[in-house]
Amino acid sequence: MPKVRLGAKRMESDMERTTRLFRAALRYSMDLRMEDAEDVARQTRMGLSTFYLRMRDASHLTVRELLCLKDRFTDRQLCEMFGVPYHGSTEERAS
């Protein structure tokens, strides 16, 4: 009987992992705020097609776009996206 390779798993690259985690965190944030893609695109001052491009590949994000989205992510989500160990919640600073 011949050997058959069924469903060989492909390793996920670091950028694919980051994009997947970015997309999941952003969708979670959109669900919590009851927003759709058009609302988020308007808040980040980009077109809807550009927003979908960023969702498909996070490597295209600009610094300005990331700064507009920074309040949507928790420190745990950011650590997971960038592969940094998470050591608990961020301490609150006294203003």
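Side chains are part of it too, since the values below use all heavy atoms of this structure and drop only hydrogens, waters and symmetry mates.
- With R17 contributing its side chain and E80 its backbone, the two residues share a donor-acceptor pair below 3.5 Å.
- Residues L26 and F51 have side chains in contact (heavy-atom distance under 4.5 Å, counting atoms from C-beta outward).
- When the side chains of ILVMFWY residues are joined at heavy-atom separations under 4.5 Å, either directly or via intervening members, L78 and V84 end up in a single hydrophobic cluster.
- L48 is not connected to L53 by any chain of hydrophobic side-chain contacts under 4.5 Å among Ile, Leu, Val, Met, Phe, Trp and Tyr, and they are in different clusters.
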Worked check of side chain to side chain contact (heavy atoms under 4.5 Å, CB included) between F22 and Q77: CA-CA 8 Å; F22 168 76; Q77 291 169 332; over 6 Å; no

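- Under the 3.5 Å distance criterion, the side-chain polar atoms of R64 are matched with a main-chain donor or acceptor of T44.
- Within the model, atoms CG of L32 and CZ of R27 stand 14.5 Å from one another, a figure rounded to the nearest 0.5 Å.
- When all heavy atoms are compared, the tightest approach of S59 to M15 is N-CE, 3.3 Å.
- A 4.5 Å side-chain heavy-atom check between R72 and R33 finds at least one atom pair inside the cut-off.
- Considering all non-hydrogen atoms of both residues, E65 and H60 come closest at OE1-O, 4.2 Å.
- The residues E16 and R20 are annotated as not salt-bridged, no charged nitrogen and carboxylate oxygen being separated by less than 4.0 angstrom.
- Residue-environment remark: CG (D36) exceeds the threshold of 12 foreign heavy atoms within 6.0 Å.
- Here the shortest heavy-atom pairing between P85 and C79 reads O-SG, 4.2 Å.
- Rounding to the nearest 0.5 Å places CG of D14 at 9.0 Å from CD of E12.
- T19 places a side-chain N or O within donor-acceptor distance of the main-chain N or O of A58, the cut-off being under 3.5 Å.
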Side chain to side chain contact (heavy atoms under 4.5 Å, CB included) between K70 and L66, intermediate numbers included: CA-CA 6 Å; K70 70 178 168 97; L66 280 172; over 6 Å; no

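- In the hydrophobic clustering of ILVMFWY residues, with side-chain heavy atoms under 4.5 Å counting as a link, Y28 and F82 come out apart.
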